[in-house]
Amino acid sequence: MLKPLDTDTLLKGIHRAVRLGALARARRSAVEILGASAASSGNHPTLNEAFDRAVSLIWPAFQPIVAWPDGRVFAYEALLRSRDLGFPGPLAILEAAERLRRVHEVGRRMRAAVAEAIPTLDPPILVFVNLHPRDLLDDDLFNPDAPLSRHAGRVVLEMTERAALNGLGDIPGKIRKIRALGFRIAVDDLGAGYAGLTSVLQLEPDVVKLDMSLVRGIDAEASRQSVVRSMTNLCRELGMNVVAEGVETEGERDALGEIGCPLLQGYWFAPPGPAFPGIRS
Ligand code: G
Ligand code: MN
């Protein structure tokens with residue numbers, strides 16, 4: 001509308017805006033309601049089409065894992081992202097994938113995209129890739145001809161107990177199969193509540209990743225230092241490598257270095273970014 005306005009034009013404009021707003025709201029709640037039932041049938045065209053787009057726009061962001069105190073990049077963790085603005089983060093994508101029963105497509109797309117990036121990364125730098133528990137039900141993961149399997153020797157697969165590993169079949173047998181392809185295994189988010197010491201015993205991982213809740217403010221808290229020191233020593237005794245996640249400050253970095261935690265990851269070194277970000281020196 002252009003100024004000056006007469007009352008009539010103004011009123012018409014307001015009515016129109018209200019109608020459009022109501023329409024938009026109605027459409028939103030329809031998607032929500034349909035979404036909830038479509039979710040259970042896994043069979044709603046609009047949501048599935050929206051999700052097709054999100055999956056086609058998936059890209060892996062990479063965050064360095066740094067050998068400390070050397071300051072050399074040991075590996076990169078691949079993190080799920082989509083250029084689809086309708087899915088503003090990995091949790092939104094995974095939540096929709098779970099509702100639509102399309103988790104495997106997300107895993108396949110990520111693993112294929114990571115496989116494409118690996119040849120551009122100098123050895124012996126490794127790549128860490130997150131697995132969704134449901135990925136353990138996907139044949140593609142165990143296929144020696146799948147794109148990522150060809151690079152298995154440079155890949156560490158991260159598992160978390162966020163959802164219990166129940167109902168996913170013979171976990172030890174599946175882990176053996178994955179290892180036989182040449183992949184290494186990491187337990188993610190240890191200390192976050194869902195990943196407990198039982199997962200370390202059950203999976204016998206090559207690498208353990210300590211959750212950022214253990215790292216936050218570690219330089220100012222002796223008890224936190226004791227916990228992380230004990231876990232680091234335990235892992236070393238078991239022959240496992242250790243990554244501390246979510247290092248955000250110089251103080252946290254130095255406290256972890258003093259404890260002897262060999263690998264560090266977090267915003268202090270670099271945020272996740274397109275292949276492959278350098279680190280702060
Ligand atoms: O569950 P997992 O540990 O894979 O999740 C890693 C997540 O943590 C990613 O989404 C990543 O963007 C985020 N992240 C990485 N480094 C930091 C950090 O230093 N601080 C915080 N708060 N988040 C981080
Ligand atoms: Mn992870």
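Values below: all heavy atoms of this structure, side chains included; hydrogens, waters and symmetry mates excluded. Just so you know, ligand 1 is whichever comes first in the structure, and atom 1 is the first atom listed for that ligand.
Here Arg176 contributes atom CZ and Glu204 contributes atom CD; the two are 10.5 Å apart, rounded to the nearest 0.5 Å. To the nearest 0.5 Å, the span separating CZ on Arg83 from OG on Ser56 amounts to 8.5 Å. Atom CG of residue Asp219 and atom CD1 of residue Ile259 lie 10.0 Å apart, to the nearest 0.5 angstrom. From Leu131, atom CG reaches atom CE of Met159 across 6.0 Å, with rounding to the nearest 0.5 Å.
Contact check on Asp52 versus Arg102 returns a salt bridge, with a Lys/Arg side-chain nitrogen under 4.0 Å from an Asp/Glu carboxylate oxygen. A salt bridge does not link Arg108 with Glu105: every distance from a Lys NZ or Arg NE/NH1/NH2 to an Asp or Glu carboxylate oxygen is 4.0 Å or more.
Using the six-membered ring where Trp is involved, Phe87 and Phe51 have ring planes that are perpendicular, over 60° apart on the 30 and 60° scheme. Ring planes of Phe62 and Tyr76: perpendicular class, angle over 60° (limits at 30 and 60°).
Of all the N, O or S atoms in Glu158, the one closest to the Mn ion (ligand 2) is OE1. Between the Mn ion (ligand 2) and the N, O or S atoms of Glu77, the shortest distance is to OE2. Restricting Asp188 to its N/O/S atoms, the shortest distance to the Mn ion (ligand 2) is reached by OD2.
Side chains of Arg111 and Asp140 form a contact here, defined as non-hydrogen atoms less than 4.5 Å apart.
Counting atoms of ligand 1 from 1 in the listed order, those under 4.0 Å from a heavy atom of Asn130 are 4 (O). Remark: ligand 1 atoms within the under-4.0 Å shell around heavy atoms of Gln63 are 15 (C), 16 (N). The Pro272 neighbourhood of ligand 1 comprises atoms 12 (O), with distances under 4.0 Å to a heavy atom of that residue. Distances below 4.0 Å separate heavy atoms of Asp189 from the following atoms of ligand 1: 1 (O), 2 (P), 3 (O). Taking every heavy atom of Arg81 and a limit of under 4.0 angstrom, the matching atoms of ligand 1 come to 12 (O). Every atom of ligand 1 is numbered from 1 in the order shown, and the set under 4.0 Å from a heavy atom of Asp188 is 1 (O), 2 (P), 3 (O), 4 (O). For ligand 1, the atoms sitting less than 4.0 Å from at least one non-hydrogen atom of Gly266 are 16 (N), 19 (O), numbered in the order shown with element in parentheses. Remark: ligand 1 atoms within the under-4.0 Å shell around heavy atoms of Val247 are 19 (O).
Because the distance cut-off is set at 2.8 Å, Thr160 fails to qualify as a neighbour of the Mn ion (ligand 2), as none of its N, O or S atoms comes that close.
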List the steps and the verdict of side-chain contact (heavy atoms from CB on, under 4.5 Å) for Asp206 and Arg179.
CA-CA 10 Å; Asp206 306 277; Arg179 283 219 162 92; 3.3 Å; yes
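Evaluated by nearest non-hydrogen atom to atom 3 (O) of ligand 1, the leading choice among Arg216, Glu248, Glu245 is Glu245.
Using a 4.0 Å cut-off between heavy atoms, Asp211 makes no contact with ligand 1 at all.
Heavy-atom separations between Glu77 and ligand 1 include at least one value shorter than 4.0 Å.
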